[in-house]
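First up is the structure itself, then whatever we jot down about it.
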Amino acid sequence: MERTHPSVDNLYRLLMGPVATTPEKPAVVQADENGALEETSYRRLDRQVEEYAAVLDGLGLDVGDRVVVEADTSAASVALLLACAKLGLPFVPVSPQSPDARLRSILRSVEPALHARAEGLDHREPTASVGSALFGPSGLVVERPPTRRVRRRRNVLATDTAYIIFTSGSTGTPKGVVMSHRSIVTFLRAMLADGLVAPDDRVAGTSPLQFDFALFGIGVALAAGATLVPVPRANLDSPRRMVGFLKDAEVTQVHGVPSLWRPVLRVDPDLLKELGQLRSVVFAGEEFPIPELRRLQETLPGVRLVNGYGATESMAASFTDVPDPLPADQERLPIGHAHSGAEMTLVGRQGEVLTEPGLTGEIYLHSPSLFTGYWNDPEATAAVLVPDPAEPRHGQVVLRTGDLARLGDHGELYFLGRSDYQVQIRGNRVELGEIEAALTRLPAVTAAAATLVPRAGDHVLMAAVVLDRPEAELDVRAALDFCARELPAYMVPRSIHTVPELPLTENGKVDRASLTRTLAAPR
Ligand SMILES: Nc1ncnc2c1ncn2[C@@H]1O[C@H](COS(=O)(=O)NC(=O)C[C@H](N)c2ccccc2)[C@@H](O)[C@H]1O
């Protein structure tokens with residue numbers, strides 16, 4: 001059944017490379033049902049992959065047939081992803097916490113051959129036409145076999161699809177980001193070259209499997225021959241349980257969105273002093289509010305804080321160390337230069353490549369790790385995979401990120417916000433990120449979100465802030481005066497509301513749509 005030749009880029013081959021060199025090393029350390037830590041060696045993980053692959057291969061699936069995997073990150077789910085990769089079956093990860101409507105919409109869109117659920121998940125109404133299976137350490141059990149199909153392909157090629165990740169669809173219906181083996185393998189090789197993860201690292205992942213930040217953690221940990229430590233979702237809600245787990249598992253690197261750290265920083269930052277073995281923190285997904293980042297840096301002296309920037313359409317673009325110490329007047333975080341083998345350029349409104357320090361433009365990414373396209377959506381694909389603005393004639397496509405940045409003195413970039421967060425207020429271009437950055441400079445404010453709330457046929461600029469201690473109070477008048485001094489008049493919020501916490505999306509980012517609805521509701 002060997003379908004992947006050793007010379008051909010394949011995610012399975014890259015991540016199971018350590019089996020040949022360190023088979024007994026733990027690939028995954030996870031909590032069992034009683035909370036005790038259990039190890040899965042690279043050899044055992046590979047055996048699980050082979051076992052799952054044998055069952056999948058027996059179903060007569062063809063290269064390119066999709067498998068929806070509904071699970072959190074675990075040794076079993078990682079093994080299933082790799083079994084799919086080995087057979088050229090694009091995996092489509094969906095979190096168990098995803099609402100039924102989202103699961104149904106993904107099943108309707110990708111028309112998978114099989115929907116595999118981790119054992120122990122409550123059974124959701126399956127879609128009749130799709131094969132279904134349960135999987136766990138004891139094996140992959142097919143409940144309803146997929147419909148028979150003709151096998152047209154013989155080999156799995158580097159250009160074949162490794163996975164399809166559906167974006168949260170914050171701006172409309174979710175789009176399926178199609179990533180090839182060649183793109184993800186090339187990206188992970190760049191991560192190895194940049195030394196983000198060392199073989200003796202124990203890398204904690206905290207994102208849901210449907211978010212490519214989780215795939216990133218799996219990829220960099222296993223490609224480096226390090227150990228992946230998935231943090232159980234239940235442990236993320238309580239600062240004490242989260243820190244306790246990271247300590248017990250002797251984690252050296254933690255991956256998570258900025259909001260992961262908000263509870264422990266507000267409730268009991270000293271808990272973090274227990275993490276003596278922690279070497280680095282990688283955060284990604286959105287801006288880390290600077291006051292919180294400063295608190296994290298002070299609480300974890302000597303720990304490397306890395307700002308991971310980028311989009312699922314290339315997995316990521318840059319990894320930049322947070323300046324240590326963060327200068328007092330630091331207003332925006334650097335996203336630096338692209339990782340090795342890629343390059344970010346800044347493009348102006350007339351499509352010209354910007355080179356003058358201080359200018360603002362849209363980030364375009366030149367990279368061999370770009371996605372193949374959006375699933376079944378050639379128009380949306382053509383809008384973001386565009387001819388290189390520097391020289392359209394050679395036909396190379398680059399990723400138009402939709403992100404705005406400012407060019408620093410040495411070509412490094414400073415993230416400013418999404419171009420679709422750029423709103424027009426009384427004819428003026430407004431960066432919501434700029435308003436939020438100003439609000440977080442207010443004493444006692446630890447995080448902020450600004451949004452345009454529809455009101456009486458117009459829009460009103462409003463803001464919500466989270467304070468650094470539950471019992472703190474905000475002097476709204478003083479806050480508005482501060483904004484009037486710091487920002488142009490049209491960027492001063494009409495009102496500022498203190499909220500106990502900012503609403504989050506399934507992937508842990510600030511849910512601006514939900515916040516807008518809350519602020520629009522009559523007080
Ligand atoms: N460090 C940031 N500062 C500020 N805005 C950001 C940042 N990282 C993303 N973003 C924003 O999020 C958008 C991409 O969203 S996404 O497609 O869901 N992907 C992600 O959020 C995570 C990303 N694939 C990733 C995975 C693994 C490592 C690093 C990065 C970017 O275009 C940015 O607008």
Side-chain angles (χ1 to χ4, degrees), residues 9 64 90 157-167 169-191 212 308-320 335-408 410-422 429 431:
D9 282 350
L157 308 181
T159 45
D160 283 319
T161 302
Y163 61 82
I164 304 170
I165 287 263
F166 276 79
T167 60
S170 53
T171 55
T173 51
K175 294 195 293 280
V177 175
V178 177
M179 282 296 268
S180 66
H181 285 279
R182 179 170 60 184
S183 285
I184 186 61
V185 166
T186 307
F187 172 82
L188 291 173
R189 285 209 179 102
M191 293 299 106
D212 76 334
Y309 158 76
T312 304
E313 286 85 345
S314 75
M315 184 163 266
S318 69
F319 292 85
T320 310
I335 52 174
H337 300 271
H339 60 73
S340 61
E343 187 166 346
M344 296 188 286
T345 56
L346 219 44
V347 176
R349 301 168 75 80
Q350 274 69 42
E352 77 284 15
V353 177
L354 305 176
T355 55
E356 284 299 304
L359 291 182
T360 292
E362 182 175 357
I363 304 172
Y364 280 53
L365 177 66
H366 303 240
S367 167
S369 300
L370 299 184
F371 74 132
T372 309
Y374 293 115
W375 172 264
N376 191 26
D377 194 342
E379 289 77 28
T381 302
V384 299
L385 285 182
V386 297
D388 174 2
E391 180 42 84
R393 288 172 295 182
H394 54 53
Q396 182 190 137
V397 288
V398 296
L399 178 68
R400 179 173 187 181
T401 65
D403 288 326
L404 301 174
R406 183 170 48 76
L407 197 54
H410 312 288
E412 81 283 9
L413 299 185
Y414 293 83
F415 183 82
L416 292 182
R418 288 203 58 78
S419 54
D420 46 27
Y421 284 169
Q422 203 180 57
R429 268 186 328 117
E431 285 303 319

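- Residues Thr401 and Tyr309 form a side-chain contact, since some pair of their non-hydrogen atoms from C-beta on lies under 4.5 Å apart.
- Rounded to the nearest 0.5 angstrom, Leu404 CG and Leu413 CG are separated by 11.5 Å.
- Nearest heavy-atom pair across Pro389 and Gly351 is CB-O, 3.7 Å.
- Using bins of under 30°, 30° to 60° and over 60° for the plane-to-plane angle, the ring pair Phe319/Phe187 lands in the tilted bin.
- Across all non-hydrogen atoms, the minimal contact from Leu365 to Ala338 is CD1-CB, 4.5 Å.
- Put simply, the residue from Val386, Ile363, Leu370 that forms a side-chain contact (heavy atoms from CB on, under 4.5 Å) with Leu399 is Leu370.
- In this structure, Ser419 contributes its side chain and Gly402 its backbone to a donor-acceptor pair below 3.5 Å.
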For this session: Go through the steps to decide whether Phe371 and Thr312 satisfy the test side-chain contact (heavy atoms from CB on, under 4.5 Å), and finish with yes or no.
Result: CA-CA 8 Å; Phe371 74 132; Thr312 304; over 6 Å; no
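- Taking 4.5 Å as the limit, every side-chain heavy atom of His337 sits out of range of all side-chain heavy atoms of Met344.
- Note that the NE2 atom of His181 and the OH atom of Tyr163 stand 10.5 Å from one another [nearest 0.5 Å].
- For Thr186 against Pro368, the heavy-atom pair with the smallest separation is CG2-CG, 3.7 Å.
- Judged by distance alone, with hydrogens and angles left aside, the side-chain atoms of Ser318 form no donor-acceptor pair with the main-chain N or O of Gly336 at under 3.5 Å.
- Across all non-hydrogen atoms, the minimal contact from Glu431 to Leu416 is OE1-O, 3.6 Å.
- Of the inter-residue distances, the one linking Met191 atom CE with Ser340 atom OG reads 6.5 Å to the nearest 0.5 angstrom.
- Of all heavy-atom pairs between Thr161 and Ile164, the closest is CG2-CG1, 4.0 Å.
- Residues Gly348 and Leu354 approach most closely at N-CG, 3.7 Å, considering heavy atoms.
- Note that CD1 of Ile165 is 11.0 Å distant from CD of Glu313, once rounded to the nearest 0.5 Å.
- Atom CZ in Arg189 sits 10.5 Å away from atom OG in Ser369 (nearest 0.5 Å).
- For the atom pair CD (Gln396) and NE2 (His366), the distance works out to 7.0 Å, reported to the nearest 0.5 Å.
- With hydrogens and angles left out, the side-chain atoms of Glu379 and Tyr374 include no donor and acceptor closer than 3.5 Å.
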